[in-house]
Amino acid sequence: MQDLKTLIRDVPDFPKPGIIFKDITTLLKEPEALRRVVDALSERYRGGGIDQVLGIESRGFIFGPLIAYQLGCGFVPVRKPGKLPAETIAETYQLEYGTDRIEMHRDAVSAGQKVLIVDDLLATGGTARAAANLAARAGARIAGLAFVIELEFLKGREKLAGLDVFSLLRY
Ligand code: AMP
């Protein structure tokens with residue numbers, strides 16, 4: 001998996017000075033690398049009885065549906081404010097750069113369903129924590145949280161204590 005790191009581009013000072021943005025578009029365009037990432041993330045949860053993959057906007061929308069397709073389960077978008085048309089539940093959270101809010105349709109997940117939360121990258125863990133809170137409020141059982149990249153020095157895992165956290169590439 002380490003060789004996949006060579007396909008991730010560091011973009012300094014994006015979107016703000018001091019942030020080194022991990023650009024995954026350079027990995028996505030490589031057919032074999034894309035397949036390896038999706039297969040590795042899916043394999044870990046195969047046979048795990050996942051009902052829904054919750055993908056976090058925006059880059060969780062790239063990997064989430066591919067994993068859901070592989071697992072034969074559904075996909076639920078967790079979106080930025082004002083994007084979902086029907087009744088929503090929302091969580092506000094602290095981001096590595098600023099504050100934000102995410103929303104999910106109130107009826108997207110049924111109580112007792114087993115969900116897997118997917119995003120491209122775990123940084124401070126605020127976004128993932130908010131998504132886990134939404135899933136918990138909907139009555140879901142959280143099977144785990146899966147990321148392509150984890151920035152370990154930001155200690156996002158600490159915000160997700162008690163939950164199963166998996167990442168492929170750690171920095
Ligand atoms: P956090 O809530 O701090 O864990 O931030 C996670 C979210 O912000 C994910 O959706 C990431 O895509 C995005 N993000 C945060 N930091 C970076 C970074 N250095 N490079 C790329 N994406 C990032």
Side-chain angles (χ1 to χ4, degrees), residues 1-2 4-30 33-34 36-38 40-42 44-45 52-68 75-84 88-105 108-109 115-137 140 142-171:
M1 283 297 157
Q2 287 311 300
L4 291 174
K5 280 189 175 179
T6 63
L7 295 173
I8 291 165
R9 174 164 56 191
D10 281 354
V11 182
D13 301 320
F14 183 89
K16 284 187 177 172
I19 304 286
I20 299 173
F21 192 88
K22 294 285 180 200
D23 178 18
I24 53 150
T25 64
T26 37
L27 181 150
L28 291 173
K29 69 189 177 73
E30 298 300 328
L34 176 61
R36 278 177 63 201
V37 166
V38 173
L41 291 174
S42 306
R44 185 151 190 277
Y45 304 97
Q52 303 286 354
V53 169
L54 270 56
I56 304 174
E57 189 169 0
S58 302
R59 289 176 298 278
F61 288 7
I62 297 171
F63 297 102
L66 291 168
I67 294 165
F75 176 76
V76 171
V78 173
R79 298 209 63 179
K80 291 175 177 154
K83 302 279 189 184
L84 289 168
T88 57
I89 54 174
E91 287 274 332
T92 303
Y93 62 97
Q94 207 74 32
L95 201 66
E96 193 183 350
Y97 28 88
T99 51
D100 218 336
R101 190 176 163 86
I102 51 171
E103 298 180 349
M104 181 176 79
H105 273 147
V109 177
V115 302
L116 171 66
I117 295 167
V118 172
D119 204 354
D120 67 325
L121 183 144
L122 175 63
T124 66
T127 315
R129 180 71 257 174
N133 290 349
L134 285 177
R137 280 168 60 193
I142 301 168
L145 298 99
F147 305 90
V148 180
I149 300 166
E150 176 175 0
L151 304 183
E152 286 185 306
F153 55 92
L154 293 172
K155 301 190 177 3
R157 267 175 197 264
E158 289 179 4
K159 281 209 186 79
L160 302 170
L163 296 170
D164 181 84
V165 178
F166 176 63
S167 62
L168 280 184
L169 307 173
R170 300 181 196 101
Y171 292 85

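Every heavy atom of this structure was used, including side-chain atoms; hydrogens, water molecules and symmetry mates were not. In each ligand, atom 1 is the first atom listed, and ligand 1 is the first ligand listed. One-based numbering along the sequence shown.
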What one should report as the nearest heavy-atom pair of Asp164 and Tyr45 is OD2-OH, 4.1 Å
Grab the two heavy atoms, one from Ser58 and one from Lys80, that are nearest each other, plus how far apart they are.
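Heavy atoms only, the tightest pair is OG-NZ, 3.4 Å.
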Any idea which atoms of ligand 1 are less than 4.0 Å away from a heavy-atom of [X]?
| X | result |
| --- | --- |
| Thr127 | 1 (P), 2 (O), 5 (O), 6 (C), 7 (C) |
| Asp119 | 9 (C), 10 (O) |
| Lys22 | 18 (C), 20 (N), 21 (C) |
| Leu151 | 19 (N) |
| Arg59 | 11 (C), 12 (O), 13 (C), 22 (N) |
| Thr124 | 1 (P), 2 (O), 3 (O), 4 (O) |

For ligand 1, find out whether one of its N or O atoms is nearer than 3.5 Å to an N or O atom of Ala123.
yes
From Tyr171 OH over to Leu151 CG, what is the distance, rounded to the nearest 0.5 angstrom?
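Atom-to-atom, Tyr171:OH and Leu151:CG are 8.5 Å apart.
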Where on Leu121 is there a heavy atom closer than 4.0 Å to ligand 1, on the side chain, on the backbone, on both, or on neither?
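It is both parts that get close, each with some atom under 4.0 Å.
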Under 4.0 Å, heavy atoms only, figure out whether ligand 1 is touched by the backbone of Asp120, its side chain, both or neither.
side chain
Please indicate whether Lys5 has more than 12 foreign heavy atoms, meaning atoms of other residues, nucleotides or ligands, lying under 6.0 Å from its NZ.
yes
Ligand 1 contacted by Ile20 (non-hydrogen, < 4.0 Å):
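Per 4.0 Å heavy-atom rule, Ile20 contacts ligand 1.
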Under a heavy-atom criterion of less than 4.0 Å, does Gly125 contact ligand 1?
yes
Given the rule in the side-chain contact (heavy atoms from CB on, under 4.5 Å) test, do Arg137 and Glu91 qualify, once you have shown the distances and angles that lead to the verdict?
CA-CA 10 Å; Arg137 280 168 60 193; Glu91 287 274 332; 2.9 Å; yes
If you measure only the distance, is there a donor-acceptor pair under 3.5 Å linking the side chains of Asn133 and Arg129?
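Side-chain D/A pair, Asn133 to Arg129: present.
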Taking the basic N atoms (NZ, or NE/NH1/NH2) and the acidic carboxylate oxygens, is any pair closer than 4.0 Å for Arg157 and Glu150?
yes
Full working for side-chain contact (heavy atoms from CB on, under 4.5 Å) between Leu66 and Leu34:
CA-CA 10 Å; Leu66 291 168; Leu34 176 61; 4.2 Å; yes
